[in-house]
Amino acid sequence: MKQYLLAVHYVDGTPATQPEAQERAFAEVERVNDEIRAAGAWVFAGGLFPPDRATVVRVENGSTTMTDGPFAESKEQLGGFWVVQCADLDEALAWAEKCSAACLNAVEVRPFQEE
Amino acid sequence: MLDLSGVYHAEYGRCVATLVRLLGDIGLAEEAVQDAFTVAVEKWDVLPPNPGAWIVTTARNRAIDRLRRESTREARHAQALLLQHPDEPREVGPVQDDQLRLVFTCCHPALSPLAQTALTLRLLGGLEVPEIARAYLVPEATIAQRIVRAKKKIRDAGIPYRVPRADELPDRLPPVLTVLYLVFNEGYTATSGPLVRTDLCVEAVRLARALAALMPDEPEVLGLLALLLLTEARRPARVGPAGELVRLPDQDHALWDRALIAEGHELVRRCLRRRQPGPYQLQAAINAVHTDGPASDWRQVLALYDQLLALVPTPVVALNRAVAVAEVHGPALALAALEDLELPGYHLLPAVRADLLVRLGRVDEAASAYEAALELVGNDAERAFLQQRRAALPG
């Protein structure tokens, strides 16, 4: 079994989805989550608050700095993620397809290092 | 010491594919096969009756020994795999052939098109990086890097070494067709050395047949097979007794393989009935016209190239179409069709220009064009051909 991160990326500034579409997306995501759990592939998942709620912590030469906002000053931001466990990449990609269709955003599939 | 380059080319892909199945790792499989060839160079006084089997057995044994000494994660995993399935029966599934399975793995959609091609040419074609780079008109360092990255991705992201399911096959097909076409092309007109590498042509045809048996209702699969068969049929006439290039209009039709031509024509007819034209089917139809009777019907050929160019508007197709334009409408119009074409590094563009300029009596320009082609050409036969054409110019 390998673990994969399925990271949801969105572009800040794209027009917000209509409330009905958002509700449909939430319902779809819940449906996919149930499927993942039923298949025994579930490890963890969650949606993130937007980047303006983030804080970056750095420790350099023993001193700590804190910055308000996300790490990357880019338009592309992380919206949330799943962690799944699968036999191989094809399984992870199949989940990613369902997840992406449900949450209406691109999903990046990245394998975890083992051990 | 025996010269094993012929055996290497013929057996490398098959042996690597088998070792990938046994070891579950491409890098280990390649090392094992290369290791075995090193031993073969030392040990063989004469060729064994079945060199491939010898290589696989030796590779497997050397791999077992090496894995026992190592303690990396890959080694442990591969050892477990090897010891678990020493002589398991072949899995039952749509694609039973180790090499066809390896092709599908190398052509996985998670890999970029360049990575897919480079990896397949390397693992199945046994081509070296410089050969692949020339065939693809891309720098060597880029090819080398793509291959390294692709192997790492297959290993670390967990791209499985398995046969695609029947329902997955149609989506997994296009890059495989592309790669088989490129392997055949490299065999038919090698980018360096002798003109033809028979082993690559034979291998590409073999894999195309396996694909067609697997997916007999996919018209582009049949189209590709027809294209390869109709081209392969002419291979005996392509090279003269001294290894020189013999172009299509000058070929001795008696040397063509009639059975392959008949098979190719039948496939083209099957494709036409489907009415789902595609690039491989069109190229097959063009070759069917060339192999139908004593002289090519260039009007038909041009009409087919018009259709092909509409589907695949690339400079290479435009170049090939221009050759047909010359036959139907004369060299001046053909030269005009080549005017804005750019194909850096591709010797056939200046070569075709040169031929057209000769026909128009523009000798000095033809000479420059032949020289430009000679700077770019890779294989010996084409070089000799171009040198001869250059030398034959008046003045």
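Values in this document were obtained by computation on a predicted structure and should not be read as measured data. First the proteins, then the strands, lettered A, B, ... as listed; each starts at 1.
In this structure, R37(A) places its CZ atom where more than 12 heavy-atom neighbours from other residues, nucleotides or ligands lie under 6.0 Å away. Counting non-hydrogen atoms of other residues, nucleotides and ligands closer than 6.0 Å to CD of E35(A) gives a total above 12. Residue D68(A) qualifies as open at atom CG: its count of foreign heavy atoms under 6.0 Å is 12 or below. The number of heavy atoms from other shown groups lying within 6.0 Å of CD (E23(A)) does not exceed 12. Residue-environment remark: CZ (F112(A)) exceeds the threshold of 12 foreign heavy atoms within 6.0 Å.
Residues P111(A) and A157(B) share a closest heavy-atom pair of CG-CA, 3.6 Å. Pairing each heavy atom of D88(A) with each of G158(B), the nearest pair is CB-O, 3.3 Å.
Proximity to chain B (any heavy atom under 4.5 Å) is restricted, for Y4(A), to the side chain, taken from C-beta onward. When heavy atoms are compared at a cutoff of 4.5 Å, A110(B) approaches chain A solely by way of its side chain, counted from C-beta outward.
One distance of note links CD1 of I159(B) with CG of D90(A); it measures 8.0 Å at 0.5 Å rounding. Here the CG-CD distance, from D156(B) to E114(A), works out to 8.5 Å after rounding to the nearest 0.5 Å.
Residues of residues 42-61 of chain A lying under 4.5 angstrom from chain B, judged on non-hydrogen atoms, do not exist.
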